[in-house]
> 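Below are the structure tokens for one structure; questions will follow.
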Number of protein chains: 2
Amino acid sequence: MNQTKLEIIENTSALLERQGYNATGLNQIVAESGAPKGSLYYYFPDGKEQIGAETLLWSGERMAERIHTGLSQVEDFGEAVHLLAMSIANAIEASNFQAGGPLTTVALETATSSERLNLVCREAYALMQSAFEKKLVENGFEETLAVHLAGYVLAVFEGSILLSRVQHSGNPLRQAAAHLKAYIKSLEVEE
Amino acid sequence: MNQTKLEIIENTSALLERQGYNATGLNQIVAESGAPKGSLYYYFPDGKEQIGAETLLWSGERMAERIHTGLSQVEDFGEAVHLLAMSIANAIEASNFQAGGPLTTVALETATSSERLNLVCREAYALMQSAFEKKLVENGFEETLAVHLAGYVLAVFEGSILLSRVQHSGNPLRQAAAHLKAYIKSLEVEE
DNA sequence: GTCTATACGGTGATAGAC
DNA sequence: GTCTATCACCGTATAGAC
């Protein structure tokens, strides 16, 4: 990918994370990314919606990677998920609660207002869910259970990250991680 | 509360639920609510932010009520939570995924950009969490566990409602409800 | 590929008549 | 209490020079 284009996407990702889609203007994107002002519509002929779509897909891929590498630190799934949640909680606090993933806010803003952005959000979440699912299968979970459980884990992460950002504290995420770990352990025993 | 003011708040609540805060304009609010156009700043001297704040608090109270009455249908907490989730899943589908609570989107949009709205979101979530917590205490859960567990339940609801809205299917919420019920049952046994 | 200038609609907010 | 008129500003998008 072109260097300028990548720079636009990277900076847009950060803006969407902080402000969401509707609050982020094109002027702000070119200002923050330092990209040539006249080249925006050259790289993204469809305008803002295309910038959003490409940014969200790119972000989803990076998030899935982060989940994958985070989970690979420990073999046991319950422990690995707990560790990952703790590291995210620290990162959210360090960012002054402006981090937490660019997807959630935009996904809600566009769930019914832009089909293009909605579809790309679905794909991004699917990538993240797959990362959890893969680790579950490695841990010996049966395939269909792994899919459902991965969706549940994703929901817990998203919900507790939301509460952490709103309450300006990493604790909701940390407590959710503890409950999630306990639940997964109870499933591992039964197998 | 005044009739006109209430009508503005009710309609704003629906708009925030569908579109979020930044996508909702004052013109749209007066159009949709049928309220006298000139009276907006009479009832809400601080403008849009005040409309948002009062709407979110009002919505939070109503959501907490709904949780309370929903949970009171069944005695057992695990069963009650499951039943509530199922009824929300149906409601979300019936709304074409435009429902799911006005808080989540606005809470994320304003988490770091408006202190006033952030504080009112926190209060709204606290009301909802209290509704879960109260039921847990009634079920014999120890106080501090009840608080933490209520926060976890709230996170699971928020996260899985998000996924349901994005994926245009009530299933993420339904599956999360099943996992949540199983986890709660495992805690009940231990007590 | 990148620039400047600009079109055009919509935004939140205010003033002053009634 | 409610209306209309109007403000200054910002949004996305486009045109045309270079």
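Just so we're on the same page: letters track the sequence lines, and every chain starts at 1.
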> I'd like to know if the side chain of A:E54 pairs up with that of A:Q50 as donor and acceptor (distance under 3.5 Å, no hydrogens or angles considered).
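Checked: A:E54/A:Q50 side chains pair up, N/O donor to acceptor below 3.5 Å.
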
> Between B:E32 and B:N11, do the side chains contain a donor N or O and an acceptor N or O under 3.5 Å apart?
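Note: B:N11 and B:E32 side chains miss the donor-acceptor criterion.
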
> Distance only, no hydrogens: is a donor on one side chain within 3.5 Å (strictly under) of an acceptor on the other, for B:T55 and B:S13?
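Looking only at side-chain atoms, B:S13 and B:T55 do not form any donor-acceptor pair under 3.5 Å.
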
> For B:R116, check side-chain hydrogen bond (donor to acceptor under 3.5 Å, both in side chains) against everything at least two apart and list the hits.
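For B:R116 the side-chain hydrogen bond (donor to acceptor under 3.5 Å, both in side chains) partners, ignoring immediate neighbours, are B:D46.
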
> Can you list every ring-ring contact (aromatic ring centres under 6.0 Å, His included) pair that touches residues 93-115 of chain B, not counting sequence neighbours?
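Of all non-adjacent pairs touching residues 93-115 of chain B, those that pass ring-ring contact (aromatic ring centres under 6.0 Å, His included) are B:F97-B:H168.
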
> We want to know whether A:S186 and B:S186 form a side-chain donor-acceptor pair, criterion being a heavy-atom distance below 3.5 angstrom.
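Side-chain D/A pair, A:S186 to B:S186: absent.
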
> Going by heavy atoms closer than 4.0 Å, what residues in residues 6-13 of chain B are next to DNA chain D?
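Nothing qualifies; none.
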
> Work out which heavy atom in B:T104 is nearest to a heavy atom in B:Y125; give both atom names and the distance.
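That would be CA-OH, 3.4 Å.
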
> Give, for atom CG of A:N118 and atom CD of A:E109, the distance between the pair rounded to the nearest 0.5 Å.
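So the gap between those two atoms works out to 13.0 Å.
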
> So which protein N/O to nucleotides 6-9 of chain D N/O distances come out below 3.5 Å?
none

> What are the residues of residues 44-58 of chain A, sorted by number, that bring a heavy atom to within less than 4.0 Å of DNA chain D?
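A:G47, A:K48, in order of number.
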
> Give me the atom names and distance for the closest heavy-atom approach of A:I67 to A:A131.
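Distance-wise, the nearest heavy atoms are CG2-CB, 3.7 Å.
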
> Check the surroundings of atom CZ in A:R122: do more than 12 heavy atoms from other residues, nucleotides or ligands lie under 6.0 Å from it?
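Yes.
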
> Suppose we screen for ring-ring contact (aromatic ring centres under 6.0 Å, His included). Which residues come up paired with B:F132, at least two apart in sequence or across chains?
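With neighbours one apart ignored, the set is B:F157.
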
> Hey, could you give me each pair passing salt bridge (charged side-chain N to carboxylate O under 4.0 Å, His left out) that has a residue in residues 171-183 of chain A? Not counting sequence neighbours.
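Output for this query lists A:E79-A:K181, A:E93-A:R174.
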
> Within residues 19-41 of chain B, which residues have any heavy atom lying less than 4.0 Å from an atom of DNA chain D?
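Close to the strand are B:P36, B:K37, B:G38, B:S39.
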
> So which residues get pulled into A:M86's cluster when ILVMFWY side chains under 4.5 Å apart are joined, directly or through others?
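Members alongside A:M86: none; it stands by itself.
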
> Please list, in numerical order, the residues of residues 105-120 of chain B that have a heavy atom closer than 4.0 Å to any atom of DNA chain D.
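Heavy-atom contacts with DNA chain D come from no residue of residues 105-120 of chain B; none.
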
> Where does the chain A footprint on DNA chain C start and end, counting 5' to 3' with a 4.0 Å heavy-atom cut-off?
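Range of nucleotides touched by chain A: C:dG1 to C:dC3.
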
> Just checking, any donor-acceptor pair under 3.5 angstrom between side chains of B:S33 and B:E7?
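Side-chain D/A pair, B:S33 to B:E7: absent.
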
> Could you identify which residues cluster with A:W58, counting Ile, Leu, Val, Met, Phe, Trp and Tyr as linked when any side-chain heavy atoms lie under 4.5 Å apart, either directly or through a chain of such contacts?
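Result for A:W58 is A:M1, A:L6, A:I8, A:I9, A:L15, A:L26, A:I29, A:V30, A:L40, A:Y41, A:Y42, A:Y43, A:F44, A:I51.
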
> Answer yes if the side chains of B:T12 and B:E10 hold a donor-acceptor pair under 3.5 Å, and no otherwise.
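Judged by distance alone, the side chains do not pair up.
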
> Tell me yes or no: between the side chains of A:E49 and A:S114, is some donor less than 3.5 Å from an acceptor?
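Yes, a side-chain donor-acceptor pair sits under 3.5 Å.
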
